[in-house]
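These notes concern the structure reproduced below.
In the text below, chain A, chain B and the rest are named by the order of the sequence lines, each starting its count at 1.
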Number of protein chains: 2
Amino acid sequence: MDQRHVQALKQAGMKATPKRLAILDMLDGESSFASPEELWKRLRDRFERLGLPTVYRNLEELAASGVITKVIHPNRQLYYFFCGNREHHHHFVCLNCRKVEDIPSCGIEALEREVSGKTGGKVLSHILQLNGLCGGCLEKGENK
Amino acid sequence: MDQRHVQALKQAGMKATPKRLAILDMLDGESSFASPEELWKRLRDRFERLGLPTVYRNLEELAASGVITKVIHPNRQLYYFFCGNREHHHHFVCLNCRKVEDIPSCGIEALEREVSGKTGGKVLSHILQLNGLCGGCLEKGENK
DNA sequence: ATTCTAAAACGAAATCATTTCCATTTAGGA
DNA sequence: TCCTAAATGGAAATGATTTCGTTTTAGAAT
C-alpha cells in the first residue's frame, strides 16, 4: 500500500479504498496511460468483484480532484494517467508504449496575445497534446 | 448552388449531391461550427427525407478529404467546420457564438525540440485547440 | 435525352463507451 | 465496536455513432 497514494486520496477528501489504491498504483506504475476498460481488465483478477462503473467513477473523481489527469485521445476515447506535476503543463504521449512525458512550457501566452490582437477575444482554456514515439521506442524500431 | 463547394467536392472526388452541398453551405454560413445532430436538425426541413447517418457519413468523408475540419470539443462531442485554409494551423473557438478563428502559428517547433532534447522522442502529431470568448461576445457580455 | 453503374442515401437496428439507479457493502471517525 | 456517509455492484439505461441490406440518384457514357 503506497503511502503516497493514501496521502493523495486523503488530501482530496476521498476514502482510501483498496480499489482506488489499485487504480492509482496501476496508473503510477506499468499502465501509466490507460482507458477505463483497460484498467478494469487488468484489475479484475485482483478483486473477486470489480464493476466497470466503479472504475469509471473512480477515474472521474480522481481526475476531478486533480490526483490524476484525463485526456481525450484522437480516437475519442478517454484516457487517464497519473501526474504529480501541479504546475500548468502538457503532455507528450508515446503512441507505442504510451509513456507520458511532461511538457512544462506550451507557448500558450504567445497564442493568447495573437488571439486578443486579431479578434479582441480572450482564451479561457486550451487543449494541447503531443503524440509521437518516445526515445526508447524509436531505438527499438517499434513503430506499431 | 455555390460553385466553390461544387468545385471542392469534385476535387475531393465526391459527387456533388444536394445534401452534401447543403451541409457545406450550412458550415460555410450560419452554422460555422456544429455537431452532426445540430446540422441534421437544421437541415431536416429542407429535405423530405434526411437520415442522421447520412449527415454523419458526409461529415466524416468531407473531413477525411480535407474539405472541412473536425474537432473534439471538451464535452467529447464531435464538431465540424468549414475551413478553406490549407496550411498547417489551429483554431480558436468562441464558446459562446462558436465562431472559429484560424491560428496560423502554434509554436509546435519549439515543443518538438523540447521533446527530442528531453527524451529523444519524435513528435508525430499534435492536438491544439484554444477555447474562449471572441471579441464580439466579450463586448456583449455574453458569457453563457 | 436515355441508359447505366458506382456512389450515395435510407432507416431500422446494432454497437459500444459511458452513466444511472438503487440495493448492498465498507472505510474510518466517534 | 458502532455508525453513517461514502463507495461499490450489477443490471439496465443512455446516447452518440456505425452497420447493414436495400433503394435511389449523380453524372459519365451512349
Protein proximity profile, nucleotides 20-30 of chain C - base contact B, sugar-phosphate-only contact S, no contact -, cut-off 4.0 Å on heavy atoms: BB-----BS--
Between C:dC10 (P) and B:Phe47 (CZ): distance, integer Å: 9 Å
Under 4.0 angstrom between B:Lys19 side-chain N/O and D:dT25 OP1 or OP2: no
Spacing between A:Glu38 atom CD and C:dA17 atom C1', to the nearest angstrom: 13 Å
From CG (B:Leu24) to CG (B:Leu39), nearest 0.5 Å: 10.5 Å
Criterion side chain to side chain contact (heavy atoms under 4.5 Å, CB included) on B:Lys122 and A:Leu138, from CA distance to verdict: CA-CA 8 Å; B:Lys122 187 166 175 41; A:Leu138 269 181; 3.8 Å; yes
Euclidean distance, atom CG of residue B:Leu52 to atom C1' of C:dA8 [Å, nearest integer]: 16 Å
Between P of D:dG10 and CZ of A:Arg44, the distance in whole Å: 12 Å
Within-4.5 Å side-chain heavy-atom neighbours: B:Tyr80 and B:Glu60: yes
Whole-Å distance separating the CD atom of B:Glu48 from the P atom of D:dT23: 19 Å
Interatomic distance, B:Arg4 atom CZ to B:Leu21 atom CG [nearest 0.5 angstrom]: 11.5 Å
Audit row: B:Glu38, B:Tyr79, side chain to side chain donor-acceptor pair (under 3.5 Å) steps and yes/no: CA-CA 10 Å; B:Glu38 284 169 347; B:Tyr79 287 88; 4.6 Å; no
Gap between atoms CG and P, on A:Leu50 and D:dT8 respectively (whole Å): 9 Å
Return a table of donor-acceptor pairs under 3.5 angstrom between the side chains of residues 8-20 of chain A and protein atoms on other chains or two or more places apart.
residue: A:Thr17; atom: OG1; partner: A:Arg20; partner atom: N; Å: 3.2
residue: A:Lys19; atom: NZ; partner: A:Arg49; partner atom: O; Å: 3.0
residue: A:Arg20; atom: NE; partner: A:Asn58; partner atom: OD1; Å: 2.8
residue: A:Arg20; atom: NH1; partner: A:Lys15; partner atom: O; Å: 2.9
residue: A:Arg20; atom: NH2; partner: A:Asn58; partner atom: OD1; Å: 3.4
residue: A:Arg20; atom: NH2; partner: A:Glu61; partner atom: OE1; Å: 3.0

Test side chain to side chain contact (heavy atoms under 4.5 Å, CB included) applied to B:His5 and B:Asp28, B:Leu27, B:Ile23, the passing residue: B:Asp28
Spacing of A:Trp40 atom CH2 relative to C:dA17 atom C1', expressed in whole Å: 12 Å
Pairwise distance CG(B:Asp45) to CG(B:Leu43) - rounded to 0.5 angstrom: 8.0 Å
B:Trp40 six-ring centre to B:Arg42 NZ/CZ under 6.0 Å and within 45° of normal: no
Bend angle of the helix from C:dA1-D:dT30 to C:dA30-D:dT1, end axes from five pairs each (to 10°): 30°
Gap between atoms CD and C1', on B:Glu61 and D:dT19 respectively (whole Å): 14 Å
Side-chain N,O (B:Tyr56) to OP1/OP2 (D:dT18) below 4.0 Å: no
B:Asn58 side-chain N/O to C:dA9 phosphate OP1/OP2 under 4.0 Å: yes
